[in-house]
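Order of appearance sets the numbers: ligands from 1, and atoms from 1 within every ligand.
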Amino acid sequence: MTRSTQNHRAWWKESSVYQIWPASFKDSNNDGVGDIPGIISQLDYIKNLGVDIVWLCPSYKSPQVDMGYDIADYYSIADEYGTVADVEELIQGCHARGMKLLMDLVVNHTSDQHEWFKQSRSSKDNEYRNWYIWKPAKYDEQGNRHPPNNWVSHFQGSAWEWDELTGEYYLHLYATEQPDLNWEHPPVRKAVHDIMRFWLDKGANGFRMDVINFISKDQRFLDAPIKDPRTPWQWGDKWYANGPRLHEYLQDLGKILKEYDTFSVGEMPFVKDTNEVLKAVQYDRNELNMIFNFEHVDIDHGVYDKFEPGSFKLTDLKGFFERWQKFMYDNDGWNALYWENHDQPRSIDRFANAKEEHRLVASKMLATVLALQSGSPFVYQGQELGMRNVPPEWGMEEYKDIDCLNHWNRMLKDRASETEAHAIARQEYQKKSRDNGRTPVQWTSEPNGGFTGPDVKPWMSVNPDYARGINAEAEVKDPNSTYHYWAAVLGLRKKYLDIFVYGDYELVDRDSQKVFAYTRTYENQKALVLANWTEDALEWDPAVHGVDGAREVLLDSYDKADAAKERFSGAKWTLQPYEAVVLLL
Ligand code: GLC
Ligand code: CA
């Protein structure tokens, strides 16, 4: 028996996911903000893409300091998005179309406006005091006050905030308004379990779990070893990422997840060690189904932070994928596959760095390479349309994200007058800021791209390229669009389930900086995914790479499969700029 038949089969491995970031999806009532009824109105559009699951990013009550990742009440929905009844209708709408719905579970921290935190900060003997992480100050010989340790927040500055009222610091690994919960305290864990059951009982089918590997902190709260002084936000991971009790906590969550037969994906920054991840995702351990790792999306970060200029080599990108692909396959784990989400820029600009004339072919190439690997593919809203980063000419007033704005304000503070560093930072925001993935979805060629009413000022401007055919209405009509191509890729994955879901993965032409190619093999069935990562046509010699001809073209990004057949029958194959082809060998 080959390894491929030993790995477990599961419905969630066969599923693909469409991610919705509610503020920018679709505005139903012309207040400039997307909402749940807007999502409900587009369920057929989502279904027709061929996905199985909708992941709804946080829609709970929130002061929106971090766009809903700061939750003030896990049991109600933000007024601007709708009501719990709307979410119930959304769940039913998904189910009626044979799709499932995931909620976002953000439980490493809450909003500082959550009732638990209000209680907790009110006095040292309040019953909620222990729900968060409070520590006394440290004082130096001069009597100056310092935070308990040197941990730095992911959104700039110390991870500790002094609270005058009770004279202690609380921990916040993200914004000051996002205090970390204390998972050591059993009532916190119970509260999380209750939240999960509440939404599962309403029919939700699982969760995406925000920074879930941060929930268990090393209880000594030691200073982090100072690594590179320019990257203080990287020092502390040793003490709070993948902490001592992480798997105990995940086992508890896993019991509930299993009971409801859910889909689960955990976000896990700072993991490079595959064995560490395996503890969370190996089939028999019953913790999570899969995780989002960050290696490939951190690939172009500069030395200092993500807003420093950086670049990457295709061989490194292929190397990251290969490592995770092989490892999970050999160990009965599972991968989540993504290029984009609400924290990442648009993939066409980032990974393909494509000019406008190549937008369409580049988007198709990226879809092919990603979704036919081993794992569950995630499509982020607008990715199916080939949406791009914000226009380079946009000024700072168009940027809304706390991560980007904190960085900018810090720059202004450090160097008050405009310098070259400012100019570089602004260029980098257009490449890497989370804002790039957060512009509203482009629905039509009408003003505001049909996201909201034509006379409304949307909460974030719409990328003006909606008027150039990058919109859902135009793409649904055009059989040659990115939208239909994504549907074809996801359809192919389903049609050849054994190969593309359960098959083994082998990188081909490993050292090429121009070609991303791999085979998928299941028993005696084998397919080759071959992609030209460059803007020039190139010639590829199959025999050199151990491929002795193709039996059938399953999909090609330039031609109909039949028409492409001729091109992949000779001794040398020519690939057009950014062309992707899938061949049955
Ligand atoms: C995750 C979310 C991100 C958020 C952060 C803090 O990384 O994806 O949007 O800012 O956690 O909750
Ligand atoms: Ca609205």
Step by step, would you call D455 with N448 a side chain to side chain contact (heavy atoms under 4.5 Å, CB included)? CA-CA 8 Å; D455 306 321; N448 284 326; over 6 Å; no

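The Ca ion (ligand 2) forms the vertex of an angle spanning OD1 of N29 and OD1 of D31; to the nearest 10 degrees it equals 90°.
Atoms CE and CD, on M411 and Q156 in that order, are 10.0 Å from each other to the nearest 0.5 Å.
Taking the six-membered ring wherever Trp is involved, the centroid distance between the rings of F117 and Y132 falls below 6.0 Å.
The N, O or S atom of D35 with the smallest distance to the Ca ion (ligand 2) is OD2. For D27, the N/O/S atom at the shortest distance from the Ca ion (ligand 2) is named OD1.
A cation-pi arrangement is present between R129 and W134, with the terminal nitrogen or guanidinium carbon under 6.0 Å from the aromatic centre and inside a 45° cone about the axis. Seen from the ring of F214, K217 does not count as a face-on cation partner, given the 6.0 Å and 45° thresholds.
Between Y380 and H342, the two ring planes are tilted [angle within 30° to 60°].
For ligand 1, the 4.0 Å heavy-atom shell contains residues D66, Y69, H109, F155, Y174, Q178, R208, D210, V211, E267, H342, D343, R434, R438.
Remark: H247 pairs with no residue by the ring pair (Phe, Tyr, Trp, His ring centres under 6.0 Å) rule, at least two apart or across chains.
Among the backbone and side-chain atoms of N30, none of the N, O or S atoms lies under 3.0 Å from the Ca ion (ligand 2). Residue side and main chain included, E80 places no N/O/S atom under 3.0 Å of the Ca ion (ligand 2). Look at G32 and the Ca ion (ligand 2): no N/O/S atom of the residue is under 3.0 Å from the metal.
The minimum heavy-atom distance between A23 and F451, with the atom names listed, is O-CZ, 3.3 Å.
A side chain to side chain contact (heavy atoms under 4.5 Å, CB included) with D70 holds for exactly one of P58, P179, S62; it is S62.
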